[in-house]
Peer 1: 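First, the structure itself, so that you have it in front of you.
Throughout, a chain's letter reflects where its sequence line sits, starting with A, and its residues are numbered from 1.
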Amino acid sequence: MSSTTPHPQETPPDAARPKTAVQATPGPGGVRLTLSGLLETEVLGPVWTQALAAARTAPGPDVEVEAREVLCLDGAGAALILRLRQVAEARGGRFSLTGLSPDLARMVDIFDPAAVAPLPPAAPLSFGQRLRVDIEDMGVWTVRLLAAWAGHIAFTGEMTAALFQALLHPRRVRWKDVLVAAEKTGVNSLPIVGLIGFLMGLIMSFQSAVTLKRFGGEVFIPNGLGLLCFRELSALITAILLAGRSGSAFAAEIGTMKVNEEVDALTTMGLNPVRFLVGPKIMATLAVMPIMCLFFDFFCLIGGAVVMLSLGFPLATYTSRVFASTSFTDFWGGMVKAMVFAILVAGVGCRRGLGTGEGASAVGDSTTSAVVLGIILVAVADGVFAVLFFYLGL
Amino acid sequence: MEKNEQSAAQAETVIRVENLTCTYGQDLIIDDISFEVKRGEIFIILGGSGCGKTTLLKHMIGLYPPKAGRVLIGGRDFVSAQGRERQDILRHFGVMYQSGALFGSMNLLENVRLPLEEFTSLPGEAMDLVARMKLSLVGLADYSGHMPSEISGGMRKRAAIARALALDPEILFLDEPSAGLDPVTSAGLDDLIKELNASLKMTFVIVTHELPSIFAIADRVIMLDKGVKKIVAQGDPRELREKSENPLVRRFFLREPDHPAQKGPRQEGQ
Ligand SMILES: Nc1ncnc2c1ncn2[C@@H]1O[C@H](COP(=O)(O)OP(=O)(O)OP(=O)(O)O)[C@@H](O)[C@H]1O
Ligand SMILES: [Mg+2]
């Protein structure tokens, strides 16, 4: 089998440029490969494939490389020669390299073939071994899960302790941090809370109008809207916005501090990271959450009012019906829920941040899981509240 | 070396590490080592990259619980210490981390002020003054209003030293203080360390690879090795360089690679 391999077509049509090629001829105990031209990263691809195919399919295992016409060789060229050597040795043959100029041979010699030997394929496991590995994995996962729960419980305890300490020693609280967090979490989020509230009010009223119109019952739109808004939507949607905006921000901020060893620095200074970093954020969130909810309520009702006015009802009818259909219990129920959601979202954000592993991508992972877990917890807690309120008859 | 004799005469142990074993999960990093640090000495932990110097340091300052063994600081067991006692031990030392670990949301002055705010009842102007004095000690008096992101890596390390000094600790742990600094800045840092050591009798535990700074400041060194996971040498660095039997140690001090770079030709000619 003798074949001259033309140079691949993608090289520039530069006649002065030497062609890279490999020529395979049958050798005494296998194959003789004559390499020529530039063995360089950019042009080596096709030659690599051909040379290896020739070495692998040769009748005998020996590989003899003739490199007198090699003009230049870089890391990829050296890799090709090492690879051919490995192929020959794997088939139990001998490898020889001749004619390579001493300068270029240096390039090959600085690599230790033993260090880049092909990794042995993982031995297939017997059924018994596989079972053992699976059982071990199960054990490891269980322990990890329990440890994670223990971590969550410990964190919840520390967070509660930090909040009580803040109540007992208000002078020790870092109020500046609280204010900064409150501004970022609360004040800066008001536009989006307002916008979403307005749109929700508008959309819900409009959609109910379409249905209720058939019964001539548009006048009942405010009853439904008020109840839904105060009792359910304001807490739920504000909490989801909070998770997206602030839960993620807490996780990213604390996670970055963790990666930069800043959390370690706090610990060795004798400052508890939970009290120092988490406390102010939770307090700030608790302080701004009711305001965010009220904001949502207000804009939601404005959205409803727009629909009602456009349907030709006077504003007074709308407001009186909204407030007639909702009680203070509904309002306070919503507020209680909102506060619980706020603690969940902010707590999960901070916890994820503190649990960040090593490296920048770990911060991203923490942020993502802070948002996802925050939203899941809010949804679950909302369900629990629904059942609770039902049995309490609220 | 009169200082050496002095500290030898006092010979009071401030840190005692007993049979310390450190692991990350299943990976054994440090296997059953013991050593002591005396009051007022500059003690250096050295060894090749990845041999566990930072790991040892972080176990000594109580960030990770050891797998086995004890760390005693000022005669008290730091590993089992909780609550008040732990706080008390923490008061005795300051730490500079490999990356500086300044708080990114605070400027340099606030960084140095933070420990003062949290642990002293000084009035505000006193805290400011103390913090600015510490910054001027490391040559950063003019940068007190800068944020950590606005200064160079070397300045960050010095600012971190200033923060570690804020409460005048008896022991200072430094993780690679001069890595990545230019020779002049690095020599300046060595002078600062010697100055603090001489004037305030401060004990230093330093992780470093920089040979010039090791010879310039070290009273005593221990050398760790990745292979055996133990201390392979300890003592005066100059003596180790001249007299050590262990080829690992000699190579480290003489800056020799552990395998000759140039190998014979590997062609198997016919
Ligand atoms: N958080 C970690 N989790 C798991 N393994 C780790 C962790 N940190 C370090 N290691 C491992 O422990 C070993 C020692 O790391 P360490 O950071 O202590 O080395 P070092 O001596 O400080 O090196 P350098 O001089 O490069 O800073 C390394 O092999 C590393 O892979
Ligand atoms: Mg290190």
Peer 1: Please state whether the side chain, the backbone, both or neither of A/N260 comes within less than 4.5 Å of a heavy atom of chain B.
Peer 2: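 Interface part for A/N260: backbone (N, CA, C, O).
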Peer 1: Looking only at heavy atoms, what is the nearest atom pair of A/A265 and B/R163, with distance?
Peer 2: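 Shortest heavy-atom separation between A/A265 and B/R163 comes out as CB-NH2, 3.5 Å.
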Peer 1: Counting only heavy atoms not in A/R132 (residues, nucleotides, ligands), do more than 12 fall under 6.0 Å from its CZ?
Peer 2: no
Peer 1: Work out which heavy atom in A/L266 is nearest to a heavy atom in B/F103; give both atom names and the distance.
Peer 2: CD2-CZ, 3.4 Å
Peer 1: For B/L102, is it the side chain, the backbone, both, or neither that has a heavy atom closer than 4.5 Å to a heavy atom of chain A?
Peer 2: backbone
Peer 1: Does the side chain of B/E117 come within less than 4.5 Å of A/R172's, by heavy atoms?
Peer 2: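 In short, these two side chains do not touch, never coming nearer than 4.5 Å.
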Peer 1: Under 6.0 Å from the CZ atom of A/R245, do we count more than 12 heavy atoms belonging to anything else shown?
Peer 2: yes
Peer 1: To check you understand the geometry: which heavy-atom pair defines the closest contact between A/G270 and B/Q87, and what is its length?
Peer 2: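 In terms of heavy atoms, the two residues are closest at O-NE2, 3.1 Å.
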Peer 1: Quick one: are B/F173 and A/T268 in side-chain contact, heavy atoms under 4.5 Å?
Peer 2: no
Peer 1: So for atom CD, which belongs to B/E125, do other residues, nucleotides or ligands contribute more than 12 heavy atoms lying within a distance under 6.0 Å?
Peer 2: no
Peer 1: Let's go through B/L114 and A/L271 carefully: what are the C-alpha distance in whole Å and the side-chain angles of both, what is the deciding distance for side-chain contact (heavy atoms from CB on, under 4.5 Å) to 0.1 Å, and is it a yes or a no?
Peer 2: CA-CA 10 Å; B/L114 176 71; A/L271 297 172; 4.0 Å; yes
Peer 1: Measuring heavy-atom distances to chain B, does A/M269 have an atom under 4.5 Å in its side chain, in its backbone, in both, or in neither?
Peer 2: both
Peer 1: Rounded to the nearest 0.5 Å, what separates atom CG in A/D264 from atom CD1 in B/I61?
Peer 2: 7.0 Å
Peer 1: Can you check side-chain contact (heavy atoms from CB on, under 4.5 Å) on B/E118 and A/R174, steps first, answer last?
Peer 2: CA-CA 10 Å; B/E118 291 294 319; A/R174 300 184 61 84; 3.1 Å; yes
Peer 1: Can you tell me if A/F155 has over 12 outside heavy atoms packed within less than 6.0 Å of its CZ?
Peer 2: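 Yes, enclosed.
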Peer 1: Select one option (side chain, backbone, both, neither) describing which atoms of A/K176 are under 4.5 Å from chain B's heavy atoms.
Peer 2: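 Contact with chain B is through the side chain of A/K176 alone.
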Peer 1: Surrounding NZ of B/K229 (heavy atoms of other residues, nucleotides or ligands, distance under 6.0 Å), is the total greater than 12?
Peer 2: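 Check passes, neighbour count above 12.
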